[in-house]
Amino acid sequence: NLDTTNARVGIGTTAPTYKTDIVSTTTTGALNLTADSVTTGTAFNMSFDGLTTGNGMYLESTSTALSTGNLASLYWNPASATTATGDLLRLNVGANGVLGNIFNVLDNGSSVFSVSQTGITNALPTSFTSAGDVSMAYDLNFTNPTASYIKSAAPLYLQAGETFNSSDLTLQTYNSG
């Protein structure tokens, strides 16, 4: 339906509330966009330059039947072995942008993992399952006021410095510790 009074197009509705409003009653899909011939440029472009509050893009489901599906899925499946030099997903904040988080994963309204412009916050126990070393530039700070442990399932070595220099290894505690 075309609402010429408000310059709106409705597909599956006689009363569109957006410039393009699609309402689907089918159980197999509502919108399919295929741009297989696009080789350069941008296949799908959205711009929200006037946005001051709200969401540039909002995706929601109140389904209680979602069990094996996904709310969102990005899938790159080249037909043959391919090495790409770009990113599968890129989030970028421009030079003048300052915000709370660039990326934030919530569980029932509480942040469990976030990436800001100054750090990464993880509120979950973390497992590193690949073989190899873990490197840090500065301090490892344990914040549990009751007790903190460094545990090993094998022999444990504490080494300071490089083999070609002399570095101190200092263990320090405070008060009657």
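Nothing here was measured: the structure is a model prediction, and the numbers come from that model.
- Here the CZ atom belonging to Arg8 is positioned 6.5 Å from the OG1 atom belonging to Thr17, to the nearest 0.5 angstrom.
- When every heavy atom of Ser167 is checked against every heavy atom of Gly161, the shortest pair comes out as OG-CA, 3.4 Å.
- Atom CG of Asp36 is separated from atom CG of Leu33 by 9.5 Å, given to the nearest 0.5 angstrom.
- Note that OH of Tyr149 is 9.0 Å distant from CG of Asn144, once rounded to the nearest 0.5 Å.
- When each of Ile22, Val23, Asp21 is paired with Ile11, the side chain to side chain contact (heavy atoms under 4.5 Å, CB included) condition holds for Ile22 and for no other.
- With hydrogens and angles ignored, the 3.5 Å screen pairs a side-chain donor or acceptor of Ser63 with a backbone N or O of Ala65.
- Clustering ILVMFWY residues whenever any of their side-chain heavy atoms sit less than 4.5 angstrom apart, transitively, puts Met46 in a cluster other than the one holding Leu59.
- In this structure, the side chain of Ser152 does not engage the main chain of Ile150 through any donor-acceptor pair within 3.5 Å.
- Clustering ILVMFWY residues whenever any of their side-chain heavy atoms sit less than 4.5 angstrom apart, transitively, puts Phe103 in the very cluster that holds Leu124.
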Would you tabulate the side-chain donor-acceptor contacts of residues 107-121 under 3.5 Å, counting partners in other chains and residues two or more places apart, or write 'none'?
unit_1: Ser111; atom_1: OG; unit_2: Asn104; atom_2: OD1; d: 2.7
unit_1: Ser116; atom_1: OG; unit_2: Thr118; atom_2: N; d: 3.1
unit_1: Ser116; atom_1: OG; unit_2: Thr118; atom_2: OG1; d: 3.3
unit_1: Ser116; atom_1: OG; unit_2: Gly119; atom_2: N; d: 3.1
unit_1: Ser116; atom_1: OG; unit_2: Gly119; atom_2: O; d: 3.2
unit_1: Gln117; atom_1: OE1; unit_2: Leu99; atom_2: N; d: 3.1
unit_1: Gln117; atom_1: NE2; unit_2: Gly97; atom_2: O; d: 2.9

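- Pairing each heavy atom of Asn6 with each of Asp3, the nearest pair is ND2-OD2, 3.0 Å.
- Checked against salt bridge (charged side-chain N to carboxylate O under 4.0 Å, His left out), Asp87 has the following partners two or more places apart in sequence or in another chain: Arg90.
- Crowding of Asn77 atom CG: a count of heavy atoms from other residues, nucleotides or ligands under 6.0 Å exceeding 12.
- Looking only at atom types and distance, the side chain of Ser24 has no donor-acceptor partner in the side chain of Thr26 under 3.5 Å away.
- Contact record, Phe48 with Gly56: CZ-O, 2.8 Å, taken as the closest heavy-atom pair.
- Rounding to the nearest 0.5 Å places CG of Asn70 at 12.5 Å from OH of Tyr75.
- Remark: the backbone N or O of Asn141 is not paired with any side-chain donor or acceptor of Asp139 at under 3.5 angstrom.
- Clustering ILVMFWY residues whenever any of their side-chain heavy atoms sit less than 4.5 angstrom apart, transitively, puts Phe142 in a cluster other than the one holding Tyr174.
- Met57 and Phe44 fall within the same hydrophobic cluster, defined by Ile, Leu, Val, Met, Phe, Trp and Tyr side-chain heavy atoms under 4.5 Å apart, directly or through other members.
- Counting non-hydrogen atoms of neighbouring residues, nucleotides and ligands closer than 6.0 angstrom, the CG atom of Leu169 exceeds 12 such neighbours.
- Rounding to the nearest 0.5 Å places CG of Leu66 at 7.0 Å from CG of Leu71.
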